[in-house]
Amino acid sequence: MVMRRWGAALAAATMLAAAPAHASAGYDAKTRMFRLDGGGTTYAFGVTDDGYLQAAYWGGRLGADDPIRLTKAQGLSGFDLVNSILPQEFPGQGAGLYTEPALKVAWPDGNRDLVLKYVSHKMSRDHVEIVLKDIERPLFVTLDYSIDPDTGVVGRSARIENRSDTDVRIDQAEAGALTLPVAHDYRLHYLTGRWAAEWTLQDRPLTPGATVLESRRGSTGSENNPWFAITRDHDAGEEYGPVWFGALAWSGSWRITVDQDPAGEVRVVGGFNPFDFAYRLKPGESLDTPTFYAGYSDHGMGGASRLLHRFERDTILPHDADGKLPLRPVLYNSWEATGFDVDEAGQIALAEKAAKIGVERFVMDDGWFGARNDDHAGLGDWTVNRTKFPNGLKPLIDKVHGLGMQFGLWVEPEMTNPDSDLYRAHPDWVMNYTGRPRTEGRNQLVLNLARTDVRDYIFKVLDDLLDENDIQFLKWDYNRNWSEPGWPEADVADQQQIYVKYVRNLYWIIDKLRARHPKLEIESCSGGGGRVDLGIMSRTDEVWPSDNTDPFDRLTIQNGFTYAYPPAAMMAWVTASPNWVNNRATSLDYRFLSAMQGGLGIGADLNKWSDAEFAEASRMVAAYKRVRATVQQGDLYRLIIPNGIDRDDRVANLSVSPDKQQAVLFAFLHSSQELDRLSAIRLRGLAPKKNYRVARIDGRPLADDTPAKASGAYWMARGIDVPLIGDFDAAGYIFQAI
Ligand code: DGJ
């Protein structure tokens, strides 16, 4: 009987009334197999006769009674030893391992052979902890597995512990290895980018030969993002086919390596980037890896991202005191309007105008502090610039509050300009190698947050700023990556710990600030989307995907973003036309509809707007407020993908509320040509039997032949004709169940 076979935790999960019946961790003592079941996913692994921990299964949910067995691994020849064929859950670098290790260490006596075998385990309802140990030395690894009951997303991390009486150096530490079954038509999808061009979705066949996704930059970076998805070519589409996906919760240098081993199995190994990595563990010390989240969907890339969004909304993003995920308020940001040229009168004038169109949070960007008149000076001096704000920030903040808006402020706490009082007082506080040049990026240097004194100083400055001013929101910026990552004050054997300690101290600062100021919200910005990952997202409420605010470019950027991260955290602004990126002119409606697909912001210079533009903006903001819960926290269907296989020159996205009462459609045309007719856009995810009334978001009348109401089945099978024509045309629709 299954309950007996799969052990106590599964039995308890099934019997506890409060427990979700669809989540469990189980152990079969006879076969020494572990399995985690959640949502539509099963993840299983077991202990081999030799004591290795071997992957057994990761995919669609199996029946509770189904037999899961380990595949017996055999070496292929003298060249491919069994250790490289055996898909270990956490391979140590030793015993002839040629595939990617999860852990590589060096002992002072020169031993670099590490073979990890099962020692013991502990379990709870949706958690498994496995202890591994080297076959000879007291180096222990505790693997932590969790499974999310709703989405089946598995979280994996490891604690590496030195219980010997000598030091040991860790050269590589990963959260774990994930294994996909043998197949030869896998395709890897991943995200690449650069400043103002983040979130480009790439794909390539997954064949032998490793693909390395990584950041060596000290922070997440936009060159690659720590997310991947894998599909099968014979069975893949936006809404069908199997997808294995994963994302790392780490905001420092990271790496995900994907490779197919000589036996045809695919391994995905992710964690700290071993590039320039070395971490000494003294006797009794331990190192925790980041968490690697892994999920599976049977419903294509769309199904995978909806699952991941749900997991991110429910489990990763910060919730309020009532346990709810707060909606993103409509925001105004001064950056594109005023640049560094901020002052009390100018910001008040903008705030008054922003309030009139329904803005809920007014954010003053860069330029308010120290000698900050351009990007050459002032970073690090977080005192109000008295020329620009003779009476401090209070008059502006009071005015903003008086207008019924929250007040937000830009900070970049991890940086300093050499031309700043902070740097003059503490030149040793930045990362550096003694006696060597310090390479500047945007005229700034990176403070070494790994140092406890620097960490405490930054915390205090921000804590004081929040104590002294009534601030509801910080836009936390980070405008360069590392160079010369030296830490001369630390013992030479510990200097490379900077890669871990910097990030952990950053997290410490944010966590402590949030604990001390529980109503504070934070945006993670890194010159755009350079620091977006599940580590930073678990402590910030929203992210800035890109400095590129061209509403057409944004369609591709935002599309890429949504494969890995949810609209619930994605900010987008309406800015000037023509836009600075491509000098492209677009209508105000087009800009609004592009920006309304996430958290809506306005970043235009409102002093330049006409009465007609104010009226249109007010209408669009009001409409947005009616649909934002659905847009931000509903299910996203990418109906027409930019540059997709359907050779359509449109982009269309649909959000459906969890109760299927409301759906919101956004459609954009790049350029019409030669009187071509456009296909109807067919919706997804509606309740077929419900009737939905449709209206345009902008309040304009529907096209003559569009029915005002029809069933969900009709909108999904017949679709809606969206009359788009010319260049950069757009339309939005609200479908409301009657
Ligand atoms: C980069 C950010 O991405 C911009 O939005 C703006 O805040 C500037 N930094 C300010 O320096």
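Keep in mind that what you see is a predicted model, and the values were worked out from it rather than measured. Numbering of ligands and ligand atoms starts at 1, following listing order. We use all heavy atoms of the structure for the numbers below, so side chains are in, but hydrogens, waters and symmetry mates are not.
For the side chain to side chain contact (heavy atoms under 4.5 Å, CB included) criterion with L308, the lone passing option out of Y563, Y565, W227 is W227. Of the candidates W410, W368, W335, F340 forms a ring-ring contact (aromatic ring centres under 6.0 Å, His included) with just one, namely W335. Tested against W429 for a ring-ring contact (aromatic ring centres under 6.0 Å, His included), the candidates W487, Y457, Y423 yield a single pass: Y457.
Proximity of M571 to ligand 1, defined as any heavy-atom pair under 4.0 Å, is not found for any part of the residue. By the criterion of a heavy-atom distance under 4.0 Å, the side chain of N479, and not its backbone, is placed next to ligand 1.
For the pair R328/R628, no side-chain contact is recorded, criterion being any heavy-atom separation below 4.5 Å from C-beta on. K475 has its side chain within reach of N333: a pair of non-hydrogen atoms, C-beta onward, lies under 4.5 Å apart. The shortest distance between side-chain heavy atoms of I256 and F292 falls below 4.5 Å. Considering only heavy atoms from C-beta on, E440 comes within 4.5 Å of N443 through its side chain.
Of all protein heavy atoms, the one lying nearest to atom 7 (O) of ligand 1 is D365 OD1, 2.7 Å. Protein heavy atom in closest approach to atom 5 (O) of ligand 1: K475 NZ, 2.7 Å. Looking only at heavy atoms of the protein, atom 3 (O) of ligand 1 is closest to D547 OD1, 2.3 Å. Closest to atom 11 (O) of ligand 1, if we only count protein heavy atoms, is D366 OD2, 2.6 Å. The nearest heavy-atom contact from the protein to atom 1 (C) of ligand 1 is D477 OD2, 3.0 Å.
Remark: ligand 1 and R372 share no N or O pair separated by less than 3.5 Å (distance only, no angle test). Polar contact with ligand 1: absent for W573 (N/O pair, distance under 3.5 Å).
Residue G528 approaches ligand 1 through these ligand atoms, each under 4.0 Å from one of its heavy atoms: 3 (O). Ligand 1 places these atoms under 4.0 Å from at least one heavy atom of W544: 3 (O), 5 (O). Close approach to C525 involves these atoms of ligand 1, each under 4.0 Å from a residue heavy atom: 2 (C), 3 (O).
Note that the CH2 atom of W573 and the CG atom of L600 stand 12.0 Å from one another [nearest 0.5 Å].
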